[in-house]
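These numbers come from the heavy atoms of this one structure, side chains and all, not from hydrogens, waters or symmetry mates. These numbers were taken from a predicted model, which means no experiment stands behind them. Order of the sequence lines fixes the chain letters, A, B, ..., with proteins taken first and strands second; residue numbering starts at 1 for each chain.
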Amino acid sequence: MNHLPSKTKLFGSLHKPISKKRAAEQNCLSLLQLCNSLPKFLQLQSHIFKLGLQNNPLVLTKFTSISSDLNAITYASSFIFSPYVEPHFFDVFLFNTIIRSYAVTSDLKHNALCLYGKMLSYGIWPNKFTYPFVLKACAGIGELKLGHIVHGSVVKLGFHDDSHVLNTMVHMYCSCGGGIEYGRKMFDEMPKWNSVGWSAMIGGYVRWGLSSEAVELFREMQVARVAPDEVTMVCLLSACTDLGALELGKWLEAYIKRENVPKSAVLWNALIDMFAKCGDVDKALSLFRSMSQRNIVSWTSVIDGMAMHGRGAEAVSLFEEMKKDGVVPDDVSFIGLLTACSHSGLVEQGKGYFYSMTKEFGISPKIEHYGCMVDLLCRAGLVQEALDFVQRMPIKPNPVIWRTLITACRAHGELKLGEKITKELIKHEPTHDSNYVLLSNIYAKMFSWEKKTMIREVMVKKGMRKVPGSTMIELYNEIYEFVAGDKSHSEYKIIFQMVDDIGKEISRAGYIASTSEVLLDIDEEDKEGALNRHSEKLAIAFALMKTPPGTPIRIVKNLRVCEDCHSATKFISKTYKREILVRDRNRFHRFIDGICSCKDFW
DNA sequence: TTAGGGTTAG
């Protein structure tokens, strides 16, 4: 029978002089504590050998755990699995540590799973600490099959009643394509210990654009009387951002204040982004100004907000201020900055910044940055220069870039060129519906109705459909969604009547329908009818019906706003004396008294 | 000595 050592013995051991080996180990551990890059690791490696500690599990574990340097992690694990280290020194803690390093490092998630496999092959059993890391790695990879396999192991080893494991499992399923249903099933069946599981599920909905479901689940969370925390708030703010639900966002802000939810940088950033993308960019700016610890995400969010609102000059000056503040721009912040230049027609400045990326900051432009440049040139009408730029690009242009060019060709009358590029694109990407829509729109502009019909037939034959345009509007704490020609609303007849009345009213003020945007080859009057059922017109009509005169109207469109709706909204803002704020897929349009903030440049 | 959910772009 084992006996615990007596108190005297314990005290005795405390007073024993520390052994030489132990002292060397302690020394090595404290040196490792200061180690945060590969060169330092390499220095220490020889030290480890000199002291004969290359097989010491404590030292090995520390060796892998303290650096976030990608090279160091790779190096450390290759050292551990080299012939210098005897495998019988490996233990579960060591594996957990390496798996953790890989699981939290983007691009190395697969290595985490390889290590998990290796661990099993060494006959070392995972413990309850292993699975959150492994599941995190699965979430990062996003393959549902893999998730199911790991889920099986969790059950087999009996860790399926552990709160950390189950919460991460919900997160894992919600991160895998096609896994959200499994995530919800798991969430419904497990005990709800605290806000973590709720946040994982709410966050999962937001990740897949199911923001209404996220808000709905939050209401259930309130009924279940589980207090949301900072992370829940961040997820919900993200949902508001997606839905353009400013009122709900304001409610969350008030809740955060009232309940003293700790305001971390992440939460502040989510608030800034929400206000900017829900239309109140000035509020976003004032929040940003009152922040004490701004990071690159805060700056990027506010710069991007300015860009979306067409306030390019302010975005540029914020970028300069950021640099002065000592915050080094990253590739994401350059996307915001270049978008700002593009949407405000700052061509020369945009070019300068693009070249400064490599020269000043050593950032190699990615395909998105090249995309911004093509957009910048195209919006300014410099179609030929854009084409030259694309042909000289050091990386292969992607279809997004070609589509930007095609849209520009159509907008600036280069129809033949547009047709040529689109045909080429369709050869390479024959299943992408928007290529056919672009070609069809070019034919509409050319009045080539026969060719247009042909394209439509090809689309029908291939089973393609144009992504339906939809518009959301938040009124009196409810979110309404309209799609083109929507008859699902209980008051659709009155709404349609209202749209027709508006059409007559604005026609008297000089509005002429721009019918070339209509996809279908139908006669002029019907084309006007089809345009009149566009989702944004339905939403605006609904808002005019439901809100008192003078109330500003805010709507969110899922696609780029069409030329005709843009023109009609200008007339509506003047005729009905309403400020109308439209967020489309790319930016904001603020219509006041017949003028849009985008200066017809979008 | 080891654990869970979160912010910018695309």
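The neighbour count for His88(A) NE2, taken as heavy atoms of other residues, nucleotides or ligands under 6.0 Å away, is above 12.
Just one residue in the list Phe354(A), Trp402(A), Phe334(A) forms a ring pair (Phe, Tyr, Trp, His ring centres under 6.0 Å) with Tyr370(A), and that residue is Phe354(A).
As judged by a 4.0 angstrom heavy-atom cut-off over every strand, Asn295(A) is placed among residues making no nucleic acid contact. Counting non-hydrogen atoms under 4.0 angstrom, Asp273(A) reaches the backbone sugars and phosphates but no base. When heavy atoms are screened at a 4.0 angstrom cut-off, Asp331(A) is found touching no nucleic acid atom at all. Counting any heavy atom pair closer than 4.0 Å across all strands shown, Thr97(A) reaches no nucleic acid atom. Residue contacts for Asp330(A): at a heavy-atom cut-off of 4.0 Å it reaches no nucleic acid atom on any strand shown. Here Phe133(A) lies in heavy-atom contact (under 4.0 Å) with sugar-phosphate atoms only. Looking at heavy-atom distances under 4.0 Å, Ser298(A) makes no contact with the nucleic acid at all. Within the nucleic acid shown, Ser333(A) has no heavy atom closer than 4.0 Å to any nucleic acid atom. Across all strands shown, Ser195(A) has heavy atoms under 4.0 Å from base atoms, whether or not it also approaches the sugar-phosphate.
Contact annotation: Lys136(A) reaches the phosphate of dG4(B) (side-chain N/O to OP1 or OP2, under 4.0 Å). For dG6(B), the OP1/OP2 oxygens have a side-chain nitrogen or oxygen of Arg207(A) closer than 4.0 Å. Look at Lys128(A) and you won't find any side-chain N or O under 4.0 angstrom from OP1 or OP2 of dT2(B).
Side chains of Arg207(A) and Ser175(A): a donor on one and an acceptor on the other come within 3.5 Å. In this model, a donor atom of one side chain and an acceptor atom of the other lie less than 3.5 Å apart for His151(A) and Tyr173(A). Tyr205(A) and Arg184(A) are linked by a side-chain donor-acceptor pair at a separation below 3.5 angstrom, with hydrogens and angles left out of the test. Side-chain contact check for Asn558(A) and Arg585(A): no donor-acceptor pair (N or O, by modelled atom type) lies under 3.5 Å. Side-chain contact check for Ser301(A) and Asp273(A): no donor-acceptor pair (N or O, by modelled atom type) lies under 3.5 Å. Inspection of the Asp229(A) and Ser195(A) side chains reveals an N or O donor paired with an N or O acceptor under 3.5 Å.
Listed nucleotides: dG5(B), dA9(B), dT2(B). Nearest to the side chain of Ile335(A): dA9(B). Checking dT2(B), dG6(B), dT7(B) against the side-chain heavy atoms of Asn269(A) singles out dT7(B) as nearest. For Cys235(A), the side-chain atoms get nearest to dG6(B) when compared with the rest of dG5(B), dG4(B), dG6(B).
For DNA chain B, no neighbouring residue in residues 209-224 of chain A is found when judged by any heavy atom under 4.0 Å. Near DNA chain B, meaning a heavy atom under 4.0 Å away, the residues from residues 164-192 of chain A are His164(A), Asn167(A), Thr168(A), His171(A).
The CG-P distance, from Asn586(A) to dG10(B), rounds to 9 Å in whole Å.
With a 4.5 Å cut-off on side-chain heavy atoms, Val215(A) and Arg219(A) count as touching.
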